[in-house]
> 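Submitted below is the structure of interest, expressed as structure tokens.
Small disclaimer: the values here were computed from a predicted structure and weren't measured. All ligand and atom numbering here is 1-based and tracks the order in the structure. One is the number of the first residue; the rest follow in order along the sequence.
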Amino acid sequence: MIPEFAILGHPNEGKSSVLSTLAEDDTVQISATPGETKECRTFPVKIDGQEIIRFTDTPGFQNPGKMLYLLKEDDGSADTLLERFHERHHNDPEMVHDCELLMPLLRGAGIIYVADGSRPLRNVDLAEMEILRLSGKPRMAILNCKEDDTSYLDQWKTEFRKHFNSSRMFNAHRATYRERIRLLEALKSIEQDWHDTLDYVVKTFINDWQARNNRCADIICAMLRSCLRHSLTGSTDTQSAIAAEKEKLYGCYTAEIKKLESSHHQQIRKLFKHNIFNYQLPSQSIYHQDLFSTETWNVLGLRKTQLAVVGGVGGAALAATIDIAAGGASLGLFTTMGGALGALGAVYGSKNIASKIKFLGMSAGKYTIQVGPNANSQFPFILLDRVLIYYAHIINWTHGRRDYHTLSESEVQRGYSERLPTSSLKKVAKYFHYLQKDLAKAEQHEYRFKEELLSLFDTLSTTGNHEKDPLNGKNSG
Ligand SMILES: Nc1nc2c(ncn2[C@@H]2O[C@H](COP(=O)(O)OP(=O)(O)OP(=O)(O)O)[C@@H](O)[C@H]2O)c(=O)[nH]1
Ligand SMILES: [Mg+2]
């Protein structure tokens, strides 16, 4: 048996939003105009191609006062009360939505009632709750507070206790993965007969989340590997054209790295089922700065003291930044080149940034130049910070949230690398070191890095990143 839950409530209370978030389905129609959902629509939740639970979106109650009156007038069997109501009134234009929303209940669905707990209770709400109580179906109520006002919560909770088997707070815009699991857990208690089935659903959800995080860690490893190993070579016939060729090559190199990074980020987005909407991080987020910009390299990556801990970037690494191969004269890397490399020169003093540019020598009358692979110790930490910022954004952006132009002021503005505890930092740095120097060894150390990633994911998926900085537990400002 595949359990089904119908999401019921007054128009515009956030029913479709709650469903979208719970089912991680961004095809659900959501709108600020009441009456958006006019017909029931069922959304199956599939894991590994197998449907394990389904949620049905319904139109809001249209005429609950009259509906309750008619139900109370009926003195037939309580077991078939809804069936009779539907049969008698489905052609009544005043009750179209009320009859439509009963459809999933007639086939045995459980009820999730959604109300906006930031507004006062009204008589229509009481009528709706009483209708659902009379239905005799297993039912839970959810307070989806659209505003911050908490002064009405007690009223709502008191009424919920009278009419429902269970009730919870659940915010369609802010619910984390943990809160979704807790809601499903709570559904187990509303009907004893469903306990085992729902227990299986909860376990499957938890396993699926872990599997997705594992897959996400693999995507991040693949991204780091491809970005750190990437190199380009170019050549020119004349010595005077070397500088221009280097600039061109460097431009191609940075563009290709950015493309590689972005394609892996998009894989993460799809993994967490954000298929339709491509939510951008808030405009002021450091994420929007160019991967190779001064700003990015100043804000993200490791602090100087951490660099000392990992033993990476000291004089040696700085020298390696400008690595002119044997036989090649100094090409005046930071002096002769304008454009991109001119900008790189500016950050050279704080956190060095550039990839190696090698002059490979001359053969068959051509001067050959190579950019990458990038041996800069800071570079993988910058990539790591950026992908973690993206991950936190994606997993905490609920599927039911569509107002992406607002509510974005308090985005995390710092990286995570600089807050890694020393023991974690060492493991991560070791993996990065091998990625840059010895791929076979990197593979051996990959599982340790993935352990660190999974623990970071865990923190980031427990605490939404929209209100606070999850690793610091305080507002990020
Ligand atoms: N701030 C905030 N707005 C919400 C929340 N949930 C829903 N909304 C907004 O409320 C409006 C109605 O949301 P829907 O999910 O379409 O509501 P509904 O109950 O399905 O509405 P109908 O289909 O018209 O009955 C939309 O503008 C949502 O973005 C929430 O948790 N917080
Ligand atoms: Mg709706």
Side-chain angles (χ1 to χ4, degrees), residues 4-43 54-64 67 94-105 109 111-122 124-125 127-129 131-132 139-153 156 167-180 182-183 274 276-277 279 282 396-410 464-467:
E4 178 181 2
F5 287 90
I7 317 289
L8 302 176
H10 205 70
N12 213 38
E13 296 288 278
K15 299 181 295 299
S16 302
S17 307
V18 164
L19 189 155
S20 177
T21 292
L22 257 184
E24 290 187 293
D25 191 327
D26 53 11
T27 66
V28 183
Q29 292 283 346
I30 291 168
S31 145
T33 316
E36 173 68 19
T37 311
K38 294 181 179 62
E39 286 173 355
C40 291
R41 189 177 153 202
T42 300
F43 295 84
R54 54 181 78 136
F55 296 102
T56 299
D57 200 11
T58 68
F61 281 97
Q62 187 176 4
N63 213 336
M67 188 178 184
E94 237 192 304
M95 312 294 279
V96 206
H97 286 177
D98 302 292
C99 285
E100 174 71 10
L101 65 84
L102 292 180
M103 295 308 287
L105 305 189
I111 295 167
I112 296 177
Y113 178 72
V114 174
D116 175 4
S118 59
R119 62 161 180 84
L121 258 156
R122 300 166 304 206
V124 279
D125 305 313
E128 290 166 10
M129 291 188 223
I131 291 166
L132 298 180
R139 55 203 179 277
M140 169 191 260
I142 283 179
L143 284 175
N144 173 49
C145 296
K146 292 202 212 170
E147 310 291 337
D148 294 332
D149 194 343
T150 54
S151 46
Y152 307 106
L153 288 182
W156 282 100
S167 68
R168 291 198 73 77
M169 305 281 288
F170 183 86
N171 192 282
H173 283 191
R174 291 195 298 269
T176 59
Y177 148 73
R178 283 280 150 76
E179 284 157 355
R180 273 191 288 129
R182 272 192 225 120
L183 177 59
H274 285 286
I276 297 184
F277 304 98
Y279 294 110
N396 291 310
W397 192 282
T398 66
H399 290 72
R401 185 172 166 192
R402 308 283 163 86
D403 62 334
Y404 56 98
H405 293 300
T406 59
L407 288 173
S408 55
E409 295 76 20
S410 55
N465 76 333
H466 294 290
E467 282 89 51

> Examine ligand 1 and decide if any of its atoms is less than 4.0 Å from a heavy atom belonging to Ser31.
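Yes.
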> Should Ile30 be counted as touching ligand 1, given the test is an N or O pair under 3.5 Å?
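Checking ligand 1 against Ile30, no N or O pair falls under 3.5 Å apart.
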> Check for a donor-acceptor pair, side chain of Glu39 on one end and backbone N or O of Glu100 on the other, with a separation under 3.5 Å.
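Not confirmed, Glu39 side chain does not pair with Glu100 backbone.
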> Check Glu36 against Ile30 and note the closest heavy-atom contact, atom names and distance.
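Nearest pair, atom of Glu36 first, then Ile30: CG-C, 4.3 Å.
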> Using a 4.0 Å cutoff against the non-hydrogen atoms of Gly35, which atoms of ligand 1 qualify?
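Those of ligand 1 that fall under 4.0 Å from Gly35 are 22 (P), 24 (O).
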> I'd like to know if the side chain of Thr21 reaches the main chain of Ala172, judged simply by a donor and an acceptor atom lying under 3.5 Å from each other, with no hydrogens or angles considered.
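Pair found, side chain donor or acceptor close to backbone of Ala172.
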> Is any side-chain heavy atom of Glu94 closer than 4.5 Å to one of Gln62?
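Side-chain contact under 4.5 Å: no.
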> Look at the aromatic rings of Tyr279 and His274 and report parallel, tilted or perpendicular, splitting at 30° and 60°.
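Plane angle over 60°, so perpendicular.
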> Could you tell me which atoms of ligand 1, counted from 1 in the order shown, lie closer than 4.0 angstrom to a heavy atom of Asn171?
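Those atoms are 31 (O).
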> Flag Lys146 as yes when one of its N or O atoms lies below 3.5 Å from any N or O atom of ligand 1, and as no otherwise.
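Yes, Lys146 has an N/O under 3.5 Å of an N/O on ligand 1.
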> On a heavy-atom basis, which atom in Arg122 and which in Asp125 lie closest, and how many Å separate them?
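Closest approach of Arg122 to Asp125, heavy atoms only: N-OD2, 2.7 Å.
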> Under 4.0 Å from a heavy atom of Pro11: which atoms of ligand 1 are those, numbered in the order shown and with their elements?
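Within the 4.0 Å cut-off of Pro11, ligand 1 contributes 25 (O).
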> I'd like to know whether ligand 1 has His173 as a neighbour, heavy-atom separation below 4.0 Å.
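Judged by the 4.0 Å heavy-atom criterion, His173 does count as contacting ligand 1.
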> Under 4.0 Å from a heavy atom of Asn12: give me the atoms of ligand 1 that qualify, with their elements.
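The list of qualifying atoms is 11 (C), 12 (C), 17 (O), 18 (P), 19 (O), 21 (O), 22 (P), 24 (O), 25 (O).
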> So, regarding Gln29 and ligand 1 (criterion: nitrogen or oxygen to nitrogen or oxygen, under 3.5 Å), is there a contact or not?
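Between Gln29 and ligand 1 (N or O atoms, distance only) the closest approach is not under 3.5 Å.
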> For Arg119, does its backbone N or O pair with a side-chain atom of Trp156 as donor and acceptor, under 3.5 Å?
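Pair found, side chain donor or acceptor close to backbone of Arg119.
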> Measure from the side-chain N and O atoms of Ser20 to the backbone N and O of Asp25, and report whether any donor-acceptor pair falls under 3.5 Å.
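Indeed, once roles are kept as given, a pair shorter than 3.5 Å links the two residues.
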> Do Thr58 side-chain atoms and Leu101 backbone N/O form a donor-acceptor pair below 3.5 Å?
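Not confirmed, Thr58 side chain does not pair with Leu101 backbone.
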> If hydrogens are left out, which of Gly60, Ser118, Gly14 has an atom nearest to atom 17 (O) of ligand 1, that is, the closest non-hydrogen atom?
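Nearest heavy atom to atom 17 (O) of ligand 1 lies in Gly14.
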> For ligand 1, which atoms, with element, lie under 4.0 Å from some heavy atom of Ser16?
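Close to Ser16: 15 (O), 18 (P), 20 (O).
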> N/O to N/O below 3.5 Å, does that happen between Lys15 and ligand 1?
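So ligand 1 has an N or O lying under 3.5 Å from an N or O of Lys15.
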> Begin from the C-alpha positions of Phe170 and Asn144 and carry the test side-chain contact (heavy atoms from CB on, under 4.5 Å) through to its verdict.
CA-CA 5 Å; Phe170 183 86; Asn144 173 49; 5.7 Å; no
> Taking 4.0 angstrom as the limit and counting only heavy atoms of Thr33, give me the atoms of ligand 1 inside it, by number and element.
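Close to Thr33: 24 (O).
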> What protein N/O/S atoms are found closer than 2.8 Å to the Mg ion (ligand 2)?
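Near the Mg ion (ligand 2), the protein supplies Ser16 OG, Thr37 OG1.
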> Side chain or backbone of Asn144 under 4.0 Å from ligand 1, or both, or neither, by non-hydrogen atoms?
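Under 4.0 Å from ligand 1, Asn144 contributes side-chain atoms alone.
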> To the closest 0.5 Å, what do you measure between CZ (Phe5) and CG (Leu105)?
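So the gap between those two atoms works out to 11.5 Å.
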> Using 0.5 Å steps for rounding, measure from the CE atom of Met169 to the OG1 atom of Thr150.
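Rounded to the nearest 0.5 Å, the CE-OG1 separation comes out at 8.5 Å.
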> Taking C-beta and beyond as the side chain, do Asp26 and Arg402 meet within less than 4.5 Å on heavy atoms?
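In short, these two side chains touch, coming nearer than 4.5 Å.
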> Near Pro34, which atoms of ligand 1 are under 4.0 Å from a heavy atom of that residue?
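Answer for ligand 1: 24 (O).
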> With a 4.0 Å cut-off on heavy atoms, does Gly9 reach ligand 1?
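Contact check Gly9 vs ligand 1: negative.
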> Between atom CD1 of Ile142 and atom CD of Glu13, what is the distance when rounded to the nearest 0.5 Å?
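If we round to the nearest 0.5 Å, Ile142:CD1 and Glu13:CD are 12.5 Å apart.
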